[in-house]
Amino acid sequence: MKDIIFDNFQNNVDGSLIRHKSIIDIMTKLQESEARINRAIAKSVTNCGCIEINAKKQKIPEDDSNLSIENLGECLQTHISGKICENCRSIIEGEIGTHLFYLTSLCSSLDISLYDVLVEENDSINTLGKYNLR
Ligand SMILES: [Zn+2]
């Protein structure tokens, strides 16, 4: 059972990709779009200021007998404080959309179904859960 939205999205991407049809163009545009997501997040910090990044070494308690892989995520932090504003959210969402476009283009160029990839990854997550160690 295929998901209609995913198939429509992939078909629409396929139909609208004209200038960057070469796999080399797609690969480099995918990399560029990823960098633009990171840039948009950085600008949320350095230009807008709606979020801050306070990164430091993740601390995992060594002597906590209640600590297990099930609750390890509770000890780890995102290092983000604050919440992205609507303007930054809109910009980041746009960059993520562009990234999805080129990711989908990459899939199509290699005759890979984006939906099949999503289903397989979801199955892996369901099977391994927190034991996938990502
Ligand atoms: Zn902002």
Side-chain angles (χ1 to χ4, degrees):
M1 183 174 78
K2 288 268 188 176
D3 187 281
I4 292 172
I5 292 175
F6 271 85
D7 282 350
N8 279 349
F9 182 71
Q10 191 153 7
N11 287 336
N12 288 339
V13 167
D14 294 350
S16 64
L17 187 69
I18 298 170
R19 264 183 62 208
H20 306 293
K21 196 84 172 174
S22 164
I23 188 70
I24 293 174
D25 286 329
I26 294 169
M27 290 164 53
T28 54
K29 292 298 282 184
L30 181 65
Q31 186 175 27
E32 178 187 34
S33 64
E34 182 181 4
R36 290 183 60 89
I37 293 170
N38 291 338
R39 178 75 176 151
I41 295 168
K43 296 305 280 182
S44 296
V45 175
T46 61
N47 196 36
C48 178
C50 58
I51 58 171
E52 293 180 3
I53 298 173
N54 299 305
K56 54 190 171 229
K57 182 179 177 180
Q58 299 278 11
K59 289 186 178 168
I60 301 172
E62 293 177 17
D63 56 348
D64 187 345
S65 60
N66 294 326
L67 188 63
S68 71
I69 197 159
E70 295 300 324
N71 60 10
L72 181 60
E74 297 167 16
C75 301
L76 304 175
Q77 302 189 357
T78 65
H79 297 137
I80 300 170
S81 56
K83 190 170 177 141
I84 57 170
C85 69
E86 284 306 311
N87 185 51
C88 290
R89 175 181 297 277
S90 175
I91 293 168
I92 293 168
E93 286 176 349
E95 298 297 354
I96 291 171
T98 301
H99 190 67
L100 284 174
F101 178 92
Y102 287 110
L103 182 63
T104 304
S105 297
L106 184 78
C107 288
S108 293
S109 295
L110 301 170
D111 197 27
I112 293 171
S113 162
L114 180 65
Y115 179 74
D116 290 347
V117 171
L118 179 75
V119 168
E120 191 163 320
E121 185 65 21
N122 190 49
D123 288 348
S124 173
I125 292 167
N126 283 336
T127 301
L128 298 173
K130 294 180 180 184
Y131 293 95
N132 70 25
L133 299 178
R134 287 184 185 164

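Computed from a predicted structure; not experimentally measured.
- Applying the ring pair (Phe, Tyr, Trp, His ring centres under 6.0 Å) test to Phe101 and every residue at least two apart in sequence or in another chain returns nothing.
- Put simply, the side chain of Gln58 gets close to the backbone of Gln77: a donor and an acceptor are under 3.5 Å apart.
- At least one side-chain heavy atom of Leu76 sits less than 4.5 Å from a side-chain heavy atom of Ile60.
- The nearest pair of heavy atoms linking Gln10 to Cys107 is NE2-CB, 3.8 Å.
- In terms of heavy atoms, Cys85 sits closest to Cys48 at SG-SG, 3.7 Å.
- Shortest non-hydrogen contact noted between Ile51 and Lys83 is CG2-C, 3.5 Å.
- To the nearest 0.5 Å, atoms OG (Ser44) and CD1 (Ile91) are separated by 7.0 Å.
- Side chain of Asn12 to backbone of Asn8: a donor-acceptor contact under 3.5 angstrom is found.
- A donor-acceptor pair is defined here as one N or O able to donate and one able to accept, closer than 3.5 Å; no such pair exists between the side chain of Asn122 and the backbone of Leu118.
- Considering CZ of Arg39 and CD of Glu95, their distance stands at 11.0 Å, rounded to 0.5 Å.
- The distance from atom CD1 of Ile26 to atom OG of Ser108, rounded to the nearest 0.5 Å, is 8.0 Å.
- Note: Ile84 CD1 to Ser90 OG = 9.5 Å, rounded to the nearest 0.5 Å.
- Residues Ile24 and Leu103 share a hydrophobic cluster, clusters being chains of Ile/Leu/Val/Met/Phe/Trp/Tyr side chains in contact below 4.5 Å.
- Glu121 has its side chain within reach of Ile125: a pair of non-hydrogen atoms, C-beta onward, lies under 4.5 Å apart.
- Counting heavy atoms from C-beta outward, Glu32 and Thr28 have side chains that stay 4.5 Å or more apart.
- With sequence neighbours excluded, no residue forms a side-chain hydrogen bond (donor to acceptor under 3.5 Å, both in side chains) with Glu93.
- The CG atom of Leu30 sits 12.5 Å away from the CG atom of Asp25 when rounded to the nearest 0.5 Å.
- In the hydrophobic clustering of ILVMFWY residues, with side-chain heavy atoms under 4.5 Å counting as a link, Leu110 and Tyr115 come out together.
- At distances below 3.5 Å, not a single donor-acceptor pair connects side-chain atoms of Ser124 with backbone N or O atoms of Glu120.
- Taking NZ from Lys29 and CZ from Arg36, the interatomic distance works out to 8.0 Å, rounded to the nearest 0.5 Å.
- In terms of the side-chain hydrogen bond (donor to acceptor under 3.5 Å, both in side chains) criterion, residue partners of Asn54 (sequence neighbours excluded) are, by chain and number, Ser81.
- Nearest approach of His99 to Ser33, heavy atoms of both residues: ND1-OG, 2.8 Å.
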